[in-house]
Amino acid sequence: IEIEFINLQNFYKKKENISDLDIKKFVDDNKESLKVEYIDFDYAIINPKNLIGVEEFNQTFFDKIDQIEIDMSNELPFDTIVRDFNLKSKKIKDFRFTYDKSDIEKKIFQSRNNEFDIIEFKDDYILYKIIKSEQRPPNVDDPVLRKEILGLIFEKNKYEYNKDLIKK
């Protein structure tokens, strides 16, 4: 069998040749489908060491976890629970899921359908409260988003070029 082919890579518009104007037009044309979800949330890591002062899980630890769950079901505010159990919390604003974020924060993002919850994560429990969630158009000044958009434009251009070739 003899096969002849043309490597089309040389004919596709290179990512580095995609202009800011191309990016802006692509984003404007695809505003709705490119929206990105951002969330603000607070969370506290709970483990035996910071909850009861010992290294191992025991009945006292699980009793306190049960009490936290009871407080949550009684609609006590996140800050009150954190203060009552002497936990340290962390506030996160404008979190967008990317693979370079911390595993804990990605896990909270994946669990965001539950606004206020306690989840297991590795050897810890995570108490979190989603403060705000919103969909926004992509920020092309964000280098990670810009790279994703460039990839989308490159694939679209490649598809259009191949479609035109097939028509011819």
I need the Q59 CD to I52 CD1 distance, nearest 0.5 Å. 10.0 Å

Flag yes if more than 12 heavy atoms outside K35 fall under 6.0 Å of its NZ atom; otherwise flag no. yes

Starting from the C-alpha separation in whole Å, work towards a yes-or-no answer on side-chain hydrogen bond (donor to acceptor under 3.5 Å, both in side chains) for Q67 and D63. CA-CA 6 Å; Q67 184 58 52; D63 289 345; over 6 Å; no

Is there side-chain contact between I149 and V140, with heavy atoms separated by less than 4.5 Å? yes

Considering residues, nucleotides and ligands other than K101, do more than 12 of their heavy atoms fall under 6.0 Å from its NZ? yes

Single-linkage hydrophobic cluster I45~I131, side-chain heavy atoms < 4.5 angstrom: no

SB check E134 R136 (cutoff 4.0 Å): yes

Once side-chain hydrogen bond (donor to acceptor under 3.5 Å, both in side chains) is applied, do any residues pair with D84, and if so which ones, sequence neighbours excluded? none

Test your reading of the model: is there a side-chain donor-acceptor pair from K106 to the backbone of Y99, 3.5 Å cut-off? yes

Minimal heavy-atom distance between F78 and A44, with the atoms involved, is CZ-N, 4.0 Å

Quick one: do R96 and D142 make a salt bridge, cutoff under 4.0 Å? yes

Full working for side-chain contact (heavy atoms from CB on, under 4.5 Å) between D66 and E69: CA-CA 5 Å; D66 288 343; E69 289 175 336; 3.8 Å; yes

Given the rule in the side-chain contact (heavy atoms from CB on, under 4.5 Å) test, do Y43 and K129 qualify, once you have shown the distances and angles that lead to the verdict? CA-CA 6 Å; Y43 74 94; K129 171 76 174 153; over 6 Å; no

Is there a donor-acceptor pair under 3.5 Å between the side chain of N47 and the backbone N or O of N50? yes

Contact summary for L34 and P138, nearest pair of heavy atoms: O-CD, 3.5 Å

Calculate, to the nearest 0.5 Å, the distance between atoms CG and CG belonging to L150 and L145 respectively. 11.0 Å

CD1 on I81 to CG on L76, rounded to 0.5 Å: 5.5 Å

So D42 and I130, side-chain contact (heavy atoms from CB on, under 4.5 Å) or not? Walk me through it. CA-CA 7 Å; D42 297 341; I130 305 295; over 6 Å; no

Do the numbers put K107 on top of the ring of F121, so that NZ or CZ is under 6.0 Å from the six-membered ring centre and no more than 45° off the axis? no

For the atom pair CD1 (I119) and CD1 (I104), what is the distance rounded to the nearest 0.5 Å? 9.0 Å

Test side chain to side chain contact (heavy atoms under 4.5 Å, CB included) applied to E120 - qualifying residues, sequence neighbours left out: Y125

Are N58 and P48 close enough that some pair of their side-chain heavy atoms sits under 4.5 Å apart? no

Indicate every side-chain donor-acceptor pair of residues 5-26 with a distance under 3.5 Å to a residue at least two apart or in another chain.
{"from": "N7", "atom 1": "OD1", "to": "Q9", "atom 2": "N", "distance (Å)": "3.0"}
{"from": "Y12", "atom 1": "OH", "to": "N162", "atom 2": "OD1", "distance (Å)": "2.8"}
{"from": "Y12", "atom 1": "OH", "to": "N162", "atom 2": "ND2", "distance (Å)": "3.2"}
{"from": "K13", "atom 1": "NZ", "to": "D22", "atom 2": "OD2", "distance (Å)": "2.9"}
{"from": "K14", "atom 1": "NZ", "to": "Q9", "atom 2": "O", "distance (Å)": "3.3"}
{"from": "S19", "atom 1": "OG", "to": "L21", "atom 2": "N", "distance (Å)": "3.4"}
{"from": "S19", "atom 1": "OG", "to": "D22", "atom 2": "N", "distance (Å)": "3.1"}
{"from": "S19", "atom 1": "OG", "to": "D22", "atom 2": "OD2", "distance (Å)": "3.2"}
{"from": "D20", "atom 1": "OD1", "to": "R146", "atom 2": "NH2", "distance (Å)": "2.4"}
{"from": "D22", "atom 1": "OD2", "to": "S19", "atom 2": "N", "distance (Å)": "3.1"}
{"from": "K24", "atom 1": "NZ", "to": "D28", "atom 2": "OD2", "distance (Å)": "3.1"}
{"from": "K25", "atom 1": "NZ", "to": "D29", "atom 2": "OD2", "distance (Å)": "2.8"}

Can you measure from NZ (K132) to CD (E115) and round to the nearest 0.5 angstrom? 13.5 Å

Shared hydrophobic cluster, L51 / I126 (ILVMFWY, side-chain heavy atoms < 4.5 Å): no

Hey, what do you get for CD1 (I65) to OG1 (T60), rounding to the nearest 0.5 Å? 12.0 Å

Check each of Y128, Y38, F41 against F95 using the ring pair (Phe, Tyr, Trp, His ring centres under 6.0 Å) test, and report the only one that passes. F41

In terms of heavy-atom contacts, does CD of Q135 have more than 12 from other residues, nucleotides or ligands at under 6.0 Å? yes

Would you call the rings of F61 and F57 parallel, tilted or perpendicular, taking 30° and 60° as the class edges? perpendicular

Hey, can you tell me if F109 and F97 have their rings parallel, tilted or perpendicular (30° and 60° cut-offs)? tilted

Under a 4.5 Å side-chain heavy-atom rule over Ile, Leu, Val, Met, Phe, Trp and Tyr, are F62 and M72 clustered together? yes

Would a hydrophobic clustering, with Ile, Leu, Val, Met, Phe, Trp and Tyr connected at side-chain separations under 4.5 Å, put I46 with V54? yes

One pair to check against side-chain contact (heavy atoms from CB on, under 4.5 Å): F116 and E75. What are the steps and the verdict? CA-CA 9 Å; F116 189 20; E75 298 181 5; over 6 Å; no

Does the pair K91/D40 count as a salt bridge with the N-to-O cut at 4.0 Å? no

